[in-house]
Amino acid sequence: MGVPIFGTNLLGKEMEGEDCHQSSKEGRDDGGKGILVILVGAPGSGKTTFCDHVMKNAHRPWTRICQDTIANGKAGTKAQCLKSASEALKDGKSAFIDRCNLDREQRADFVKLGGSKVDVQAVVLDLPARLCISRSVKRTGHEGNLQGGKAAAVVNRMLQKKELPKLSEGFSRITFCQNETDVQGAVNMYSALGPLDNLSSGCFGQKNTDAKVQLGIMKFLKKVEVPDSRVSDPNSFADSIPKQEVEKDVSCLGTENSSIPVSNVDKNFTKGKDVMGGSSHGAVTANDIQTLAFPSISTADFQFNHENASDIIIEKVDEFLSKVENVRLVLVDLIPGSHMLSLVRAKAAQKHIDSKRFFTVAGDITRLYTESGFRCNVIANAANWRLRPGGGGVNAAIFSAAGQALEIATKKRAETLSPGSSVVVPLLPNSPLYEREGVTHVIHVLGPNMNPQRPNCLKNDYIKGCKILREAYSSLFESFASIERTQSIQKEGRWICASDSHDNPVDYSCSDQCPEGEQKVKRGDCFESERNKKYKALPLEPVLKDSECGNSNSHTVTSEVCEQKNKKATEGAKKVWQSWAQALYQIAMYPDQHKDNVLEKSDDIVVLHDLYPKAKRHLLVLSRLNGLDQLSDVQKEHVWLLRAMHSVGLRWAERLLSDDASLIFRLGYHSVPSMRQLHLHVISQDFNSPHLKNKKHWNSFTSAFFRDSVDVIDEVEKLGKAPVNDDDKLLSMELRCHRCRSAHPNIPRLKAHISNCQARFPSALLQNGRLVCAPSKEMGDS
DNA sequence: GTTCTAGAAC
DNA sequence: GTTCTAGAAC
């Protein structure tokens, strides 16, 4: 293997040499045929890499035909690929078809290129969905522009429609690769092929891939009458699944033994656009079943133990379904076969949870209807405590799918959410989620957090954690039930809107510009006022009157928000910040308006260059928490934030060190900052900057006025607050070198000195990670 | 936080 | 005369 072999191939190309012996493990059973290899695999499965690796070491001429680049580097058509493949084969080359080719139809035309002179083979990169998704999400510069957030949904959707190739399609050989070892084996095999070699016919490498098909669900879906068009009958749970796809999509269902009679389904599922679109009926009928789709709470970014979480899901689902009739619950996970889905599915079966009312589904929670036909009128969002978009995962997906209106509507209902609670936000009919998916409400829910870099980390306290997770699901389901109650009351004509609202429905698209006090429509009424204009003349029903805190739908959030608002009201007089001192605050609150300055943004943090750096490298890691202006405001509850800020600062320091290993960084806070909004300085210790001009500048970074981040974190953990050194004298002290401690009469002389001083740093700074330098560097040892 | 500038220090 | 600081204004 691996020795170049020359000869004359059947396509008439003159080759040199004479050694045409069997060169592959599988053996050559035909002499010198061209080979057309159709790669089969989802985005991220490694098709391009496979081709590259084979072609790098190949002993026969190969060409890679990629639809994403075939048109002068841009995406082209299947026809172009076919033409190009045909030409390459005629030219005596072998070819890889580098496109997904996940179903038979996509492959068929390429298979037809085979014949007496060309062998058509398939290499199936059947790697775990999780891996493909993870690769697709992470990659940049993908030829097909499939990367980042959208990749996960696309990969998932494609995988659900995957149809493994069969020899009967016309392949002479199919090589299945289900892990990296298989892939490497196939790469080796194809790269070793000389011009006259070929591989044996047949299927190779296929392990038992029979996905457990849930017969009950299959029966159910097969029983469902598939309508000719969605419009004609938008009511059924599975109504959008074309007949030929039903079987394939079933594999994404996690419920075993489900066998929902078609009659049940048709009657009980919420009536799509009829309900939501403001038809003359305008309300859910008594027989309509409300369906809540929810992600597993806390098990992703919050790192909650899956065993505990799945137990709690089952417990709470069981409890809720036994209490409330005419509702369905659907646990959704983006990744087929995810650990949580498997656990919950198994436990649900064990506990005999009603499989007609509880489902586990693999899919994108924001596209359940369009992609899988699941009509869920309410979806839950695993929100963050700030109720802000972003952060990735379900939260980012839902905020993105629902449009900006959700963000605004959410802010109208609650500013923040505490662990274990939830808040209902109705969607306006023009929300894409409403129009497309039939989702009328989003319930934000916050679970317990075990991730030390997220707020309110419970540090593996699972007694507390389980309690909060139970509360979160209880709150979520209660919120869901409250929607049901609300709609039932609407149906009976007792749901009323504030008088003005009918004529002046809130336009969320502009309401962020309206002062709060001028809002004419009561919160919570906006959506209903759109939907139920027929009830506009009826008097206000006290039972549904908004609380003062502005929450109509979920009692669970009311106390929470009131508490927060009261807390704010009772806060003592805070320092008044001059306008010039508000710049960082503005950036923290509205980072998108300062994109040019922002290096990194998350829900909690913004990173930016200090506008007037006092050293070669000087960044600010800015907290986005409103109300936390300076170190003296920090309390124990903010330790997570200090840690997160430190971690981000450290990461940036390391990044900057990779560009210039001579730098040394210190991370810390000014005891009394000039600018509002808690910010961590990440500053190199050269202090080589024209912006460092006076004594105050110098002393603010080199005296006890500067509080090391590591110390601040320790102290806040131990004492519940961060002691600050706010003595003005610190800033007017004599100018001393931060390394050798020598005194200097003025700034120019000091700067002249420090540009050369290489003394070892004072020992206090060398401890506890206060200084950060490149791994190989000794700090000031010369 | 910066800029400006009067006046002290050299 | 030049350099530097420090207080006021923003």
Side-chain angles (χ1 to χ4, degrees), chain A residues 574-591 593-601 605-634 645 648-649 652 665-709 712 722 724-738 741-757:
Chain A
K574 294 197 90 176
K575 174 177 173 178
V576 176
W577 300 84
Q578 308 248 10
S579 59
W580 56 262
Q582 308 269 8
L584 294 179
Y585 173 78
Q586 293 298 324
I587 294 173
M589 294 303 119
Y590 311 104
Q593 293 172 14
H594 302 84
K595 278 188 174 142
D596 292 347
N597 300 320
V598 170
L599 298 170
E600 176 183 338
K601 183 194 91 172
I605 287 164
V606 168
V607 181
L608 61 152
H609 285 296
D610 192 302
L611 186 59
Y612 300 95
K614 304 301 185 293
K616 279 185 183 169
R617 294 284 178 265
H618 183 183
L619 303 184
L620 300 179
V621 179
L622 189 56
S623 148
R624 296 190 60 198
L625 182 54
N626 197 351
L628 201 63
D629 293 341
Q630 52 184 328
L631 210 46
S632 57
D633 296 331
V634 167
M645 291 169 73
V648 169
W652 274 94
F665 282 93
R666 196 170 168 197
L667 280 68
Y669 300 85
H670 281 157
S671 287
V672 184
S674 302
M675 307 285 278
R676 178 186 180 189
Q677 197 65 15
L678 184 69
H679 54 280
L680 171 71
H681 292 271
V682 178
I683 185 166
S684 60
Q685 296 296 292
D686 49 82
F687 295 111
N688 179 358
S689 163
H691 297 290
L692 197 156
K693 291 175 177 171
N694 59 43
K695 196 175 259 187
K696 186 179 173 185
H697 290 157
W698 177 256
N699 284 330
S700 72
F701 288 102
T702 57
S703 75
F705 186 85
F706 190 82
R707 302 287 289 110
D708 288 283
S709 174
V712 168
V724 294
N725 297 314
D726 56 356
D727 190 342
D728 281 349
K729 286 178 192 152
L730 286 169
L731 296 177
S732 52
M733 285 193 316
E734 59 190 348
L735 299 167
R736 284 191 176 273
C737 171
H738 60 312
R741 307 305 302 164
S742 59
H744 300 268
N746 56 45
I747 288 287
R749 297 275 287 276
L750 171 75
K751 289 177 92 168
H753 168 79
I754 59 171
S755 67
N756 290 313
C757 182

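Computation of the quantities below employed the complete heavy-atom set of this structure, encompassing side-chain atoms and omitting hydrogens, waters and symmetry-equivalent molecules. Lettering follows sequence order; numbering is per chain, from 1.
Listed by chain and residue number, Tyr590(A), His594(A) satisfy the side-chain contact (heavy atoms from CB on, under 4.5 Å) test with Gln586(A) (two or more places apart in sequence, or in another chain). Remark: Asp610(A) pairs with no residue by the salt bridge (Lys or Arg N to Asp or Glu O under 4.0 Å) rule, at least two apart or across chains. When the side-chain contact (heavy atoms from CB on, under 4.5 Å) test is applied to Pro591(A), the partners found at least two apart in sequence or on another chain are Val598(A), Lys601(A), Val606(A), Arg624(A). Looking at residues two or more places apart in sequence or on another chain, you find a side-chain hydrogen bond (donor to acceptor under 3.5 Å, both in side chains) between Ser709(A) and His646(A).
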Which nucleotides of nucleotides 1-10 of chain B have their base under 4.0 Å from a protein heavy atom (B), which only their sugar-phosphate (S), and which neither (-), written as one string 5' to 3'?
BSS-------

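Residue Ile747(A) is in sugar-phosphate contact alone, with no base atom involved, counting any heavy-atom pair closer than 4.0 Å across all strands shown.
Listed by first then second residue, pairs satisfying side chain to side chain donor-acceptor pair (under 3.5 Å) with a partner in residues 674-684 of chain A read Gln582(A)-Arg676(A), His618(A)-His681(A), Asp629(A)-Arg676(A), His670(A)-His681(A), Ser684(A)-Asp686(A), not counting sequence neighbours.
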